[in-house]
Amino acid sequence: MTTPSVKINQTQKVIDEILSVYPEKARADRALHFKPNDPTSDCSSCVVKSNVKSRPGVMTVRGCAYAGSKGVVWGPVKDVIHISHGPVGCGAYSNWSRRNYYNGETGIDSFATMHVTSDFQERDIVYGGDKKLATIVDELDGLFPLAKGISVQSECPVGLIGDDIESVAKAKTADIGKPVVPVRCEGFRGVSQSLGHHIANDAIRDHVFDKQATDIETTPYDVTVIGDYNIGGDAWASRRILEEMGLRVIAQWTGDATMAELANAPKAKLNLIHCYRSMNYICRHMEETYGVPWVEYNFFGPTKIYESIRRIAENFDDTIKANAEVLIEKMKPEMDAVIAEYKPLLEGKTVMLYVGGLRPRHVIGAYEDLGMEIIAAGYEFGHNDEYKRTYPLLEEGSIIVDDATPYELEEIAKRLKPDLVGSGIKEKYAYHKMGVPFRQMHSWDYSGPYHGFDGFKIFARDMDMTVNSPVWGLVRDVTSTECATPSGAERQAS
Amino acid sequence: MEIKDHNDLFSQPVYQAQFEAKKEFENPAAQSEIDRVSAWTQTDEYRELNFAREGVVINPCKACQPLGAVLVSLGFEKTLPFVQGSQGCTSYFRSHLSRHFKEPIATVSSSMTEDAAVFGGMSNMSEGLENCNALYSPDMIAVSTTCMAEVIGDDLGAYITNSKDAGAVPRELPVPFAHTPSFSGSHLNGYDVMLKGILEELAKPGEPNGKINIIPGFDGYAGNLREIKRMLTVMGVDFTMLADYSDVVDSGNTGHYELYPTGGTTLADAADAVNAIATISLQRVASAKTGELITKQWEQEFVAVGEPVGINATDAFLAEVSRITGKCVPAELEAERARAVDVIVDSHPYVHGKRLAMLGDPDLLLGLISFALEIGMKPVHVVCTNGDKKFKKAAEAMLAASPFGSEATVHNKKDMWHLRSLMFTEPVDLLMGPSNAKFLWKDTGTPFFRVGFPLFDRHHLHKRTILGYEGTTNLLTDIVNLVLDEMDRHAITSDSPSFDLVR
């Protein structure tokens with residue numbers, strides 16, 4: 001171990017200042033999660049602690065296991081009806097906010113934008129909700145005959161009152177002849193969305209694999225897209241690349257996915273995983289049980305896309321490898337043109353990122369393609385795996401933060417003055433008030449897709465429109481002038 | 001450089017071909033089956049099956065109690081909402097309100113996890129209060145609960161006292177609380193009980209102050225709160241608006257982020273509310289328990305007048321204010337009334353007889369029904385997920401009193417999937433409701449007028465008012481222009497000559 005560098009020490013000083021207002025216990029805890037980056041990992045004190053409980057009262061940005069299962073993994077599976085099992089709120093707040101696009105006729109053969117809830121009342125808490133759940137399954141089966149299954153997304157009370165949804169699900173699966181999948185993703189389980197991802201993965205393993213029919217003919221070029229939720233059409237833009245390489249995408253998890261696609265995956269020759277955090281579990285399981293290898297890839301920005309295309313092609317024959325090179329050759333002029341247009345507008349601009357699963361590291365390359373620099377990055381619910389993959393991608397002495405609080409993010413922004421902040425809806429408007437350009441990097445700020453070649457163009461356009469918008473120039477501090485002059489022209493003159 | 005985003009990208013042939021090819025792996029239903037079922041869902045037979053539901057709720061138009069508790073808390077100066085329970089709920093409340101108001105929403109959670117489920121949330125409460133007080137320096141912390149804390153039976157009163165005894169927060173810091181179980185009532189009830197908790201905590205009985213209190217209720221329009229205040233000011237009424245979050249959820253951009261934007265009812269005014277002459281609530285359902293506190297404990301007159309939507313309801317509101325305060329309705333408001341009536345008279349041919357599907361919170365619905373009837377529109381389907389018996393009775397009485405209400409049915413405790421059946425089997429001309437109803441617009445092709453909460457998919461509607469005479473002018477203008485837009489669109493698509501320059 002070497003002595004921390006000057007840069008690291010400087011950043012540590014900033015962090016210490018920011019943390020000084022916390023009460024002692026919370027300060028000691030937060031200090032473990034908030035570090036100067038050391039790309040070499042030589043600095044052992046720079047390692048970020050992660051995936052542990054948030055401190056009460058600090059305004060963590062994190063969600064819950066239900067959000068990880070219903071909101072992220074299961075919710076986008078379009079031909080399955082997802083019951084938000086418990087009180088009404090969870091489903092009301094998570095309804096269609098993630099923009100997992102899909103094709104299909106909603107309410108007929110697709111159900112992803114619907115809020116289906118057991119709407120627990122006092123009596124359900126007192127007497128249990130199992131009977132009601134059985135009734136609900138029957139009703140759904142009658143009203144939606146084309147649904148391919150039902151998932152039961154547990155909310156907090158279900159686990160607390162001791163309901164046995166597994167028994168109900170088992171009995172009802174037999175009754176209706178379609179899978180009823182119990183998912184124990186009560187919001188109090190675990191420390192964030194992350195456990196919900198894992199629980200949702202396990203439910204697919206236990207209730208879909210080997211149980212649901214899959215009768216596709218396989219080929220040597222079969223792959224899956226795992227961990228792409230098709231936000232604004234991301235998975236479609238990614239699929240386009242893979243198909244142009246000559247690969248056959250037999251399952252898309254879980255953006256625009258069907259129950260059949262969940263069942264297809266173990267037949268793949270190779271699983272391709274984009275969001276490692278939310279779906280590494282199922283990839284490991286498929287590797288161990290079905291011998292399907294998996295590879296991580298990154299379809300944000302041309303540099304990473306080219307790299308990923310080649311890495312994926314490595315696993316196939318010369319035809320695919322040749323196709324990969326042809327595709328890169330074909331797309332490079334188009335991508336170079338995007339960079340030629342937008343890099344001059346964005347070069348040297350600094351970025352702070354505070355997001356979820358894969359983005360704090362996966363989008364770095366796309367920003368760098370545009371000449372932008374990430375000066376601070378953090379994960380809401382990352383684990384050690386994420387941080388290990390992130391340290392080498394960031395400059396020495398940049399900030400890396402786990403489960404940040406709005407207070408910390410605001411202080412980082414005040415001190416480091418990033419030209420752009422990328423985070424979520426809860427953060428967005430605070431930065432707008434500060435006059436700091438901001439893009440939502442969960443929902444793509446209602447834009448997208450951002451994945452793939454098609455996505456990068458939109459990404460570049462969006463970053464430019466926000467960083468270089470004239471609107472920031474209109475912001476004026478009312479306390480800075482004693483008497484506002486009547487027109488902008490006069491203000492400029494003075 | 002031409003860049004196609006999701007709006008145009010996927011209609012390109014390369015993607016259309018991709019979607020078609022993907023079906024090989026999807027195991028989709030046959031198109032003929034999809035068409036058959038789709039048509040079946042539009043039938044009377046399906047409607048009957050749909051209305052026979054006893055368990056499942058599909059696309060309800062309500063949220064849960066703590067959301068209301070958070071919103072009402074934001075209406076007091078420098079107040080930090082604190083939600084005892086699972087942390088995911090708080091993230092949901094914050095994002096839900098941010099999506100509607102386009103504003104940052106500060107709320108903390110006590111982040112209870114599995115160990116708290118076993119041992120209770122006392123230590124989470126205590127550490128949470130200490131941390132949020134140190135980090136965010138509130139003048140008041142308003143504690144509500146998620147269903148987790150309710151199911152395990154957290155004793156909020158005792159926890160807060162213990163936390164104060166342990167020095168987590170200063171003893172003098174007001175920490176009101178309310179139990180807001182998500183498995184009972186809706187966001188309206190959470191608003192009510194949290195308001196009651198805050199008023200109980202702060203009330204300082206003393207000399208009568210000669211003022212009236214106004215409870216706006218769970219109202220998604222900052223503009224509504226401002227309009228009520230303006231009307232009362234014009235009348236010369238001395239009043240306190242309780243839970244006045246108008247400036248908190250609609251703050252200006254000054255280059256500074258304030259966790260507590262300037263605004264909100266001051267704690268001193270809230271404390272003094274007990275000494276007022278009377279309290280007027282604009283939402284009965286969102287102030288039922290608070291009303292009991294005011295009449296029984298404070299022995300103060302409490303009137304739930306309903307939301308002043310349209311001419312008649314505004315007249316009634318102002319008459320009630322006049323009766324209580326002795327102030328007359330001034331010429332300025334009379335002039336506004338005259339202008340609003342003028343607008344209605346001028347536009348009435350375009351709205352007359354239009355059949356309506358209406359969806360929303362109970363008290364807003366009563367206001368909208370009153371408005372619809374007075375301008376000659378015909379409510380047909382009135383759907384409320386979170387109304388009570390009194391609401392149903394009041395709505396039915398209002399509809400029965402007008403020839404324009406003769407075709408209406410009030411469907412209480414029903415959801416948007418019920419409404420879908422109603423709209424297919426008995427079509428209407430116009431749908432009124434919050435953003436979530438846009439799927440009914442798509443499914444049934446009925447023109448859609450956005451009103452209520454939440455409004456996610458159109459910008460800044462919450463800054464305007466739909467209350468009072470000014471709000472009436474706004475509503476009428478927006479509705480008639482929606483009708484005219486549809487008329488022109490129809491003329492364009494059907495290549496009809498009815499593409500008039502003057503309407």
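Each chain gets a letter, A, B and so on, in the order the sequences are listed, and its residues count up from 1. Computed from a predicted structure; not experimentally measured.
When heavy atoms are compared at a cutoff of 4.5 Å, K148(A) approaches chain B solely by way of its side chain, counted from C-beta outward. Heavy atoms of T107(B) lying under 4.5 Å from chain A belong exclusively to its backbone. Looking at E261(A), the atoms closer than 4.5 Å to chain B (heavy atoms on both sides) sit in the backbone and in the side chain alike. In this structure, no portion of I141(B) lies under 4.5 Å from any heavy atom of chain A. Proximity to chain A (any heavy atom under 4.5 Å) is shown, for L129(B), by neither the backbone nor the side chain. Heavy atoms closer than 4.5 Å to chain A are found in the backbone of P28(B), but not in its side chain. Proximity to chain A is limited to the backbone of K4(B), based on heavy atoms less than 4.5 angstrom apart. Proximity to chain A involves both the backbone and the side chain of A106(B), based on heavy atoms less than 4.5 angstrom apart. Residue F101(B): no heavy atom, backbone or side chain, is found under 4.5 Å from chain A. For chain A, the nearby parts of V57(B) are the backbone and the side chain; heavy atoms of each come within less than 4.5 Å. Contacts between V14(B) and chain A at a heavy-atom distance below 4.5 Å involve the side chain alone, from C-beta outward. Residue contact with chain A, scored on non-hydrogen atoms closer than 4.5 Å, is absent for N133(B). Residue contact with chain B, scored on non-hydrogen atoms closer than 4.5 Å, is absent for Y102(A). With a threshold of 4.5 angstrom between heavy atoms, F456(B) does not approach chain A through any atom at all. Within the 4.5 angstrom heavy-atom criterion, no atom of A134(A) approaches chain B. Within the 4.5 angstrom heavy-atom criterion, no atom of D415(B) approaches chain A. Only the backbone of S109(B) has a heavy atom closer than 4.5 Å to any heavy atom of chain A. Only the side chain of L9(B) comes within less than 4.5 Å of a heavy atom of chain A; its backbone N, CA, C and O stay farther away.
Ion pairing between E186(A) and R189(A) holds under the 4.0 Å rule for side-chain N and carboxylate O. Using a cut-off of 4.0 Å between Lys/Arg side-chain N and Asp/Glu carboxylate O, D454(A) and R240(A) are scored as salt-bridged. Ion pairing between a basic and an acidic side chain is recognised when a charged N comes within 4.0 Å of a carboxylate O; R248(A) and E24(B) show such pairing. Here K62(B) pairs with D119(A) in a salt bridge; the nearest charged N to carboxylate O distance falls below 4.0 Å.
The aromatic ring centroids of Y450(A) and F456(A) lie 6.0 Å or more from each other. Residues W236(A) and Y15(B) keep their aromatic ring centres 6.0 Å or farther apart. Under the 6.0 Å cut-off for aromatic ring centres, H6(B) and Y446(A) do not qualify, their centroids lying 6.0 Å or more apart.
The greatest number of non-hydrogen atom pairs below 4.5 Å with chain A, out of Q18(B), M416(B), Q87(B), is found for Q18(B). Ranked by heavy-atom pairs under 4.5 Å with chain A, the first of I58(B), L135(B), N124(B), L49(B) is L135(B). Per-residue heavy-atom pair counts under 4.5 Å with chain A were compared for A21(B), C132(B), A117(B), P60(B), and the maximum is reached by P60(B). Of the listed residues (L67(B), I105(B), T90(B), T41(B)), the one with the most heavy-atom contacts under 4.5 Å to chain A is L67(B). Each of I3(B), V151(B), V83(B) has some count of heavy-atom pairs under 4.5 Å with chain A, and the biggest count is that of I3(B). Counting heavy-atom pairs closer than 4.5 Å to chain B, the top residue among K131(A), K457(A), R55(A) is R55(A). The candidate with the highest count of non-hydrogen atom pairs below 4.5 Å against chain A, out of A29(B), S86(B), G255(B), S111(B), is G255(B).
Taking the six-membered ring for Trp and thresholds of 30 and 60 degrees, Y46(B) and W417(B) have ring planes more than 60 degrees apart, a perpendicular arrangement. Between Y101(A) and W96(A), the angle of the ring planes lies from 30° to 60°, which puts this pair in the tilted group. The aromatic rings of H96(B) and F453(B) sit perpendicular to each other, their planes meeting at more than 60°, with 30° as the lower class boundary.
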(request) Apply the test ring pair (Phe, Tyr, Trp, His ring centres under 6.0 Å) to residues Y431(A) and Y257(B): give CA-CA distance (whole Å), side-chain angles for both, the deciding distance (0.1 Å), then the verdict. (result) CA-CA 7 Å; Y431(A) 291 90; Y257(B) 165 55; 7.7 Å; no
(request) Kindly determine whether N264(A) and T214(A) satisfy side-chain hydrogen bond (donor to acceptor under 3.5 Å, both in side chains), including the steps that lead there. (result) CA-CA 6 Å; N264(A) 290 345; T214(A) 163; 2.7 Å; yes
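To the nearest 0.5 Å, atom OH of residue Y22(A) and atom CD of residue E130(B) are 13.0 Å apart.
Applying side-chain contact (heavy atoms from CB on, under 4.5 Å) to F183(B) and the options E155(A), R123(A), E122(A) leaves one that passes, E122(A). Residue Q84(B) is tested with M125(B), E150(B), M148(B), M122(B) for a side-chain contact (heavy atoms from CB on, under 4.5 Å); the sole match is M125(B).
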